[in-house]
Amino acid sequence: MTSNKGAAKYRGRRITLLGIMIVVAGGLVWRAVDLQILHKEFLQGQGDARHLRVVSIPAHRGMITDRHGEPLAISTPVDSIWANPQDLLAARGEWKQLAKALGVDRAWLKERLERNAAREFVYLKRHVQPELAEQVMALGIPGVSTQREYRRYYPAGEVAGHLLGFTNVDDAGQEGLELSFEQLLHGTPGSMRVVKDRLGRIVETVERINEPVPGRDLALSIDRRIQYIAYRELKAAVQANRAKSGSAVVLDVNTGEVLAMVNQPAFNPNNRESLRGDHYRNRAVTDLFEPGSTVKPFTVATALESGQYQPGTLIDTTPGTLRVGPNTIRDVHNYGLIDVTTLIAKSSNVGSGKLALALPPEQLWRKFAAVGLGAPSGGNVPGEALGSLPDYHRWYPIDRVTFSFGYGLSASTLQLARAYAALANGGVLKPVSLVPLTQAPAGERVMGGQVARQVVAMLEAATGDKGTGGAARVPGYRVAGKTGTVRKSAQGGYAEDSYLSLFAGLVPASDPRLAMVVMINDPRGDQFYGGAVAAPVFSRVMSGALRLLDVAPDDLPAFKAQTVAQAGAL
Ligand code: 59J
């Protein structure tokens, strides 16, 4: 009975347990069916929504090179480290280790996370070496991720900074050619769908939606070697003369290609923290100044074309001053009776004024406009300032006179170089170009070929023994060029002790290939004449450039004499 009773009790318990197990198992099966079959799509969607992301794939920015393919700007891959503040805020214990790896303060990290607590993305450190990014990721801290980006690197540093400009931290052009060629260089970012894990790391690429389209490369007309020599010599001269700033431009006179364009003070585009407007401005195109005596060759060209003057025509500059109404203009010396060539060689203001008074004002104005003063240089140069020519209808005689030697108008270093290139190639004005050309543009004839050659011959006299520009000479080559020393306009007139020192020239004078203008602003040393401050820069840069370009010397006897003299001195 007892056993019967016990057995019955046991059976009852077994049935109860079995029943419970069946119900539980059935529940599980049902749950599985429910999750995996009935609600599969909904749940998969919810899960994916938490882990599937579309991320952008940065496009590689095009390279900028010089005319020979030497790199001037290249984008190199770097990593940026970012966090999901919500996840990282929860991992307080890891902050110290993370801050140390990143080289930042823990307090800074805390502040940054708390300030961005509502966001899902905040950069912790941008543009780090891939090795550092790997080390940080190896710590496995929740909410910390890396992202591939590109950083712009400028191998020439300061040397080409003003021309290239720079990009921002997202590798988008901000200044200079980086900005003006943004469309071509920047490419189009792609995108891909990825699965991220609990820590926000990409664990699987589901699909690439759009492939990134890399930017195109851009070759410049610049010759990196000439650019470097110009940079070095301008910098040395600005320093030696304690000048405020300076610019220099070298043009190929047959094509209008810019071979070098440099400025001081310079800046290093690799160093984004040090960017200052007055340092990164491309002064050669943005800064305007009164060109002073460097425009006298165009006054003389107008006089020769009028038929009233020949290179040998005599002009009386006695007594070294010229009264025009209530005003008087002056030369630094009384040159007496001189011909037109000597007017250029000595840089006589009085001589120039007399030519101006003998010419219709409109003709003079038209010639200056024809050689490109006051007009765009044609090369889509970023930031270019146009300069200005005054309206000749309102001129008093004194205005004609001072205009003829470069006052009352403004121009840039680039414009002046372009005008000299027109003299150099026999009177044809070409647009300047910042990209290499396969064919020289036809240009526009702006003065007779004969007149242009006569003016170049006068400019050669200006670098001769009787001229103001002897310091511009280059051993082995004939040099044509003009000095200028311009008192800077100041409140109520012209400053007493503040100057621009200029030199504009062409080489080789027998068949010019290169034009160069050197402008040095406000030299504060012992010297301030263009002939002493700017001309030597021209000499050194052209000496290097002619050699680099393998231009045949056109003045071998002088070259030999000098080499012999040097050999004798040894
Ligand atoms: C000069 C001027 C100012 C403007 C004069 C330079 C005028 C003038 C009014 C005095 C220094 C100076 C409109 S000089 O460029 O004549 O380059 O090697 O600034 O004449 O009328 O103490 N250049 N420069 N003139 N103004 N207004 C000569 C000359 C030039 C030289 C030297 C000596 C001036 C040979 C300048 C050079 O050719």
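Hydrogens, waters and symmetry mates are skipped; everything else that's a heavy atom, side chains included, is used. Only a predicted model underlies this, so the values are computations on that prediction, with no experimental measurement involved. Just follow the structure's listing: the first ligand is 1, and inside any ligand the first atom is 1.
Other residues, nucleotides and ligands contribute at most 12 non-hydrogen atoms within 6.0 Å of the CG atom of Asp526. Taking a 6.0 Å sphere around OH of Tyr396, one finds it holds 12 or fewer heavy atoms contributed by other residues, nucleotides or ligands.
The distance from ligand 1 to the heavy atoms of Thr483 drops below 4.0 Å at these ligand atoms: 17 (O), 18 (O), 37 (C). Taking every heavy atom of Gly531 and a limit of under 4.0 angstrom, the matching atoms of ligand 1 come to 17 (O), 18 (O), 37 (C). Each of the atoms 13 (C) of ligand 1 lies under 4.0 Å from some heavy atom of Thr402. Close contacts of ligand 1 with Val486, meaning ligand atoms under 4.0 Å from a residue heavy atom, involve 19 (O). Every atom of ligand 1 is numbered from 1 in the order shown, and the set under 4.0 Å from a heavy atom of Ser293 is 15 (O), 29 (C), 30 (C), 38 (O). Counting atoms of ligand 1 from 1 in the listed order, those under 4.0 Å from a heavy atom of Gly530 are 17 (O), 18 (O), 37 (C). Heavy-atom contacts of Ser347 reach the following atoms of ligand 1: 30 (C), 38 (O) (cutoff under 4.0 Å). Of all atoms in ligand 1, numbered sequentially from 1 with element shown, those under 4.0 Å from a heavy atom of Gly484 are 15 (O), 17 (O).
The main-chain N or O of Leu434 is found under 3.5 Å from a side-chain atom of Ser221 such that the two form a donor-acceptor pair. In this structure, Asp217 contributes its side chain and Met63 its backbone to a donor-acceptor pair below 3.5 Å. Remark: the backbone N or O of Asn270 is paired with a side-chain donor or acceptor of Asn268 at under 3.5 angstrom.
Distance from atom 9 (C) of ligand 1 to its nearest protein heavy atom, with residue and atom name: Tyr494 CE1, 3.7 Å. Nearest protein neighbour of atom 20 (O) of ligand 1, counting heavy atoms only, is Asn349 ND2, 3.5 Å. Remark: minimum distance from atom 8 (C) of ligand 1 to any protein heavy atom is reached at Phe405 CE1, 4.0 Å.
For Asp331, no heavy-atom contact with ligand 1 is shorter than 4.0 Å.
Ring orientation note: the planes of Phe403 and Trp395 are tilted relative to one another, at an angle of 30° to 60°. Aromatic ring pairs are classed by plane angle as parallel below 30°, tilted from 30° to 60° and perpendicular above 60°; the pair Tyr228 and Tyr231 is tilted.
Judged by distance alone, the side chains of Ser543 and Arg547 do bring a donor and an acceptor atom under 3.5 Å apart.
Remark: distances from the non-hydrogen atoms of Tyr499 to ligand 1 include one below 4.0 Å.
Looking at Thr468, Ile344, Thr485, it is Thr485 that brings a heavy atom closest to atom 1 (C) of ligand 1. Nearest residue to atom 2 (C) of ligand 1 from Tyr407, Tyr529, Phe503 is Tyr407 (criterion: closest heavy atom). For atom 5 (C) of ligand 1, the choice among Lys296, Glu290, Arg487, Lys482 with the nearest heavy atom turns out to be Arg487.
Here Arg281 pairs with Asp287 in a salt bridge; the nearest charged N to carboxylate O distance falls below 4.0 Å. Between Asp465 and Arg473 there is a salt bridge, with a side-chain nitrogen of the basic residue lying less than 4.0 Å from a carboxylate oxygen of the acidic one.
The shortest side-chain heavy-atom distance between Asp66 and Leu220 does not fall under the 4.5 Å cut-off.
Remark: ligand 1 and Lys346 share no N or O pair separated by less than 3.5 Å (distance only, no angle test).
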